[in-house]
Every structure is written in structure tokens, then in C-alpha cells.
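Before any comments, here is the structure.
Sequence lines set the chain letters: A, B, ... in the order given, protein chains first and strands last, and positions in each chain run from 1.
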Protein chains: 2
Amino acid sequence: MASEFTGTGDPARSMALLWRGAAEPGPRPGPRPGLDVDRIVSAAVRLADAEGLVALSMRRVAAELGVGAMTLYTHVPGKGELVDLMLDSALAEMYPDERSVVTGGWRARLEAVARANWDLFLRHPWALHVATGRPPLGPGLMRKYELELRAVDGLGLPEVQMDLLVTVVTGFVRGTVGGVQEKADAERVTGITEDQWWAATEPYVAQVFDAERYPTAARVGPVAGEELGAYDPERSFEFGLVRLLDGIGVLVERPSRG
Amino acid sequence: MASEFTGTGDPARSMALLWRGAAEPGPRPGPRPGLDVDRIVSAAVRLADAEGLVALSMRRVAAELGVGAMTLYTHVPGKGELVDLMLDSALAEMYPDERSVVTGGWRARLEAVARANWDLFLRHPWALHVATGRPPLGPGLMRKYELELRAVDGLGLPEVQMDLLVTVVTGFVRGTVGGVQEKADAERVTGITEDQWWAATEPYVAQVFDAERYPTAARVGPVAGEELGAYDPERSFEFGLVRLLDGIGVLVERPSRG
DNA sequence: GAGGGACACGGTACGCCGTACGGAGATGGG
DNA sequence: CCCATCTCCGTACGGCGTACCGTGTCCCTC
């Protein structure tokens, strides 16, 4: 459950990998590579999608590709950099239709941003656990940042507020998708469904729970559990998104700004 | 950087540990224990606070306590359960003044909730990386849930919306604190400061960044970097919190609800 | 056509990790 | 007094990331 850490090595090498283009395949000595970075990254993404970051190991990825573990190190400096590459490749898939962020009013645009981020984390749950304090500054991230800024461009906001709005909306999604996604993770890893888990745990809760100490929880918990219990992932996201956008509306449509 | 997973074992054992009270220390055969769960948990919390979840290993915790690694297993079933206990103990420290969540109007109360969660993650950054899909239903979590519900009680909202509001506000904090906290993590782990990292990376960014493809980013990035660059953790939190509370206000103060 | 340097591949090994297993020594109850 | 029970923990296993180094292949030069 610890956060994976990303490329800590040579920034030059990392950037060259992230921006690997149709670079010079000029004839070089040595055998022709049978493997390349793209194949490694996509195998790693496939593995992480299916079994989570915990299952992602260099040996597993190598096995998936039918090569020796150490062969990966010919193409990628280490696991941290591989995760960076995975993340950037996942980000690059976002917004297949770039127009979605410049269509409609600010509200529709920001909603498109929120939903795109939501989809990202549903598609690639492991992305949630990648530390982004020093993000991989690759083409995927650059494109994402550009497109999300476009969603809040032209509203007459100062640049700093544009950046803040994007950060807040994407941050909100990160926070909200977390609790939900981890339930699915838990089910996959433990093989125990949400219902089974609750059925096994509830009797012990009943024993220790003191309704006099926690009257509000005693009143709200069962109702919320009943209505949200079958746990519809979208519910708190949709609810929170409306609140957040309403609040952003107060800023954006402030009369003093005409 | 993968997410730590929490107690996957026997729920009865987990619950008994979480709710370990001044339980029966009735005379039992065998030597008097020289170690107890509380000492293990607090040593583990100290270690994780100082060096992050990555550094948290059973051997390290045991060494910190001056005992053999396997001794820990006498008191705690495994690492997952230990993390559960750590989290619940961190949650139990929140809201030292319980009145803060019932003082003032709904806005002041929810702000208190948001700030308490913010403080939690600043104090215990590792808490951010603990998967909470199946949270440890201990006294700390119960108390937190109760207190946070009280902040939105008495507003005439349906119970489900009370639960949703709490989830959304705490989720927002999770999402927002993430990007910020991980920067500090990265600095601690790599020994490279934010400025050094950016100085090393920027030249390569300049090489590959295409201002024509990313005009909005080219305009906003430098301004935001200039103003937020020294990276004031509070900034996007404060900004987002105002937006979110404004939006919640639209719901809470809806005239149709009087 | 021959030689050499650069490169891809990958086996072995080291120091970590979580933890299963079982032994040694202490303790209190019958 | 004895023994069931409990604490403590050394050893060991299978996994991890990856440093190091050997092997074999290919292109470039002569």
C-alpha cells in the first residue's frame, strides 16, 4: 500500500525516454533490438490494469514479454522510470476528442475535465497510487495540462486562477475516486466481496458500537448504508461535482467581473 | 509507490485489536509481556512520520523497539493489520476539541472539518497512501465519522446528503493535499529539493516543449509557476475550499428549503 | 573478406522484504 | 511439582529491485 516512487535518476535520461519520438533508428552496431520501450510500457500497463501496482514487478513484466528480467534494464533505467512512462502513456490516452474541452460553456467544459479524470482512474486504478509530486513531464502530461487549461480559458480569469481551477477540479476527482476504487481493489486482491466483508465485520461492529456516544453516526450510517450500500461508485462523485461546479460558478459569474 | 494494503485476515481478530480496551489483564500463564500493541503502533507511526511508508518494515519497527522482528507477530497478525491500527490511532487524534465541529454556522463547521483533515495529512503523510476501501472500523474512525456528521447535522438535510457532504469534503482534501505532500516526500526520499529538481529538468523541458502545440500551457505555466512556484501548500487548498463551500452553500441555503 | 567495437540479452548474486515454523525459557494453576 | 500456556525470536523461504559481468550478434572500417 505504499506509494510507488517515480524516476529518481538522471533527468536527461528520463526526459529522453518520455519524449522518445520516431528518433534516429540510424544503423548502429550490435544486434537489432527485439524489444522496445513501447512494448515494455504497454505490457506493464496491461499488468497493472489487471492486477494492480502490487503485482507489478520487473520479473513479472519481463515474463509477460518472454524475456529475462535484466533485459528490461537495457531499455529502461529502473522501475521508477517505468512507472513514469506508464503514467504518461495513460495520460496521453485522455481526451480522445480534444474538442470536448472547448465545447459548450465553462460548466460543460469543466464537467468534461472531471469526467475525463474520473475515467482515467477507472481505466487505470493504479494511476491513483503513483506519487505525482514530481510528475513525469512527458508529452501525455503536457497535452493533458494544455487541454484542461483550455477548458477554463476565455473566462477572463487571471492565469493563476486558471491553474488553480484545474488543480482543484482534478484534485477533487482524485480524492473522490479513491475511496471507491480501493473497494474494487480490495475485492480483487482478497477475493472477498464487499457484501461478504461487511457480513463478516458487522457482528463485531454491533458489539462495540455505542449508539449513545455516536448518536449521529447511529442515525445516518444505516440510512446511508442502505441507499449507498450497494455502492454506486458514481454517486458521491456526481453529488460533489455539482457542489464544486456551483461554487466555481460563484467565482466565474461574479457580477463585478461582468 | 504502490498502495499499502490493510488487514486482510480474520475480521474478529482485527476488530478485537482495534477496540482493545483496558481488557482483561487477568493472570494468565506464561511470562508477562514486555511489549504491547500500543508501543508497537506508536513506534510504527513515529517511523512512518519520519521516513514514510516505504521505510516501514516489520524489521525496522522491531529494531526501533529493541526486539526481534518475529516478536511483533506475537502482538499483531501482520503488517496490514499494523497499518490499520496506525491509521485508526492517527484518526483518534483528530478534533482534540470536539466543539470545533458544532461551533458557528455550517460553513465554519465544514471548514473546521476540512482543516482537520488537512492537518491529519500534513502530520501523517503516509495516511494518504493507505487504501481506505475497507477502512479499519475502529474507535478513531467511528469518532471521526460521528464528529464530521455533527458538522452537517441540523441543517434539514436528508441523512444521505449528510453522508455525501462529509465524503465530498474529506475527499476534496485528500485529492488536494496529495500533489503537495508528495513533493515533500520526494524531497525527503531523494534528497533533492524542488528547486534543484526543476533546475535539472527545465533545460530538457525547454528543448521539447512546443509552444505552438501548447499555447495555453505556454501562457499559464510560467505565470502560475512564478506565483505558486515557491510552492505554498495551502494555496490550492484554500482556493478550492472557498469554491467547494460556496457550492455547498447553494444547496444548504436553497430558498425552497427555507 | 576480416577484425573490432558497440550493443542486446540475461544469469548470478546481494541485500532487502513479509512471514511460516518451531524451539527455548518463563510463568501461573491444579 | 508439573505441565499447559504464553512470550520471545532464530532460521529459512520465496519474492523483490538491481549491480555486475559474460556471451553472442551485428555494423563499420579497413
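Ranking D:dT7, C:dT19, C:dG28 by closeness to the B:Pro31 side chain, first place goes to D:dT7. Distance from the side chain of B:His75 is smallest for D:dC8 among the nucleotides D:dC8, C:dG18, D:dT18.
Phosphate contact (OP1/OP2 of C:dG10, side-chain N/O of A:Thr71, threshold under 4.0 Å): present. For B:Thr74, no side-chain nitrogen or oxygen approaches OP1 or OP2 of D:dT7 to under 4.0 Å. At D:dT7, none of the side-chain N or O atoms of B:Arg32 fall inside 4.0 Å of OP1 or OP2 (strictly under the cut-off).
Computed from coordinates, the B:Leu56 CG to C:dC16 C1' distance equals 14 Å when rounded to whole Å. If you take CE of A:Met58 and P of C:dC9, they are 14 Å apart, rounded to a whole angstrom. With rounding to whole Å, B:Leu82 atom CG is found 15 Å from C:dC17 atom C1'. In this structure, A:Leu72 atom CG and D:dG17 atom P are separated by 10 Å, rounded to whole Å. Atoms CZ (B:Arg59) and C1' (C:dT19) sit 8 Å apart, rounded to a whole Å. In this structure, B:Glu81 atom CD and C:dT19 atom C1' are separated by 12 Å, rounded to whole Å. Here D:dT11 presents its P atom at 17 Å from OH of B:Tyr73, a figure rounded to the nearest Å. Atom pair B:Glu51:CD and C:dC17:C1' shows a separation of 16 Å (rounding to whole Å applied).
Closest-nucleotide positions on DNA chain C for A:Met70 and A:Pro33 were compared, and the one nearer the 5' end corresponds to A:Pro33.
With respect to the salt-bridge test (charged N to carboxylate O, under 4.0 angstrom), the residues A:Asp36 and A:Arg20 do not qualify. Under the 4.0 Å criterion applied to side-chain N and carboxylate O atoms, B:Glu146 and A:Arg213 are not assigned as salt-bridge partners.
Ring geometry, B:Tyr214 versus B:Phe209: the interplanar angle falls from 30° to 60°, so the pair is classed tilted.
Counting heavy atoms from C-beta on, the side chains of B:Leu137 and A:Tyr204 never come closer than 4.5 Å.
Of the options B:Leu141, B:Leu87, B:Leu85, a side chain to side chain contact (heavy atoms under 4.5 Å, CB included) to B:Leu18 is made by B:Leu85 and by none of the others.
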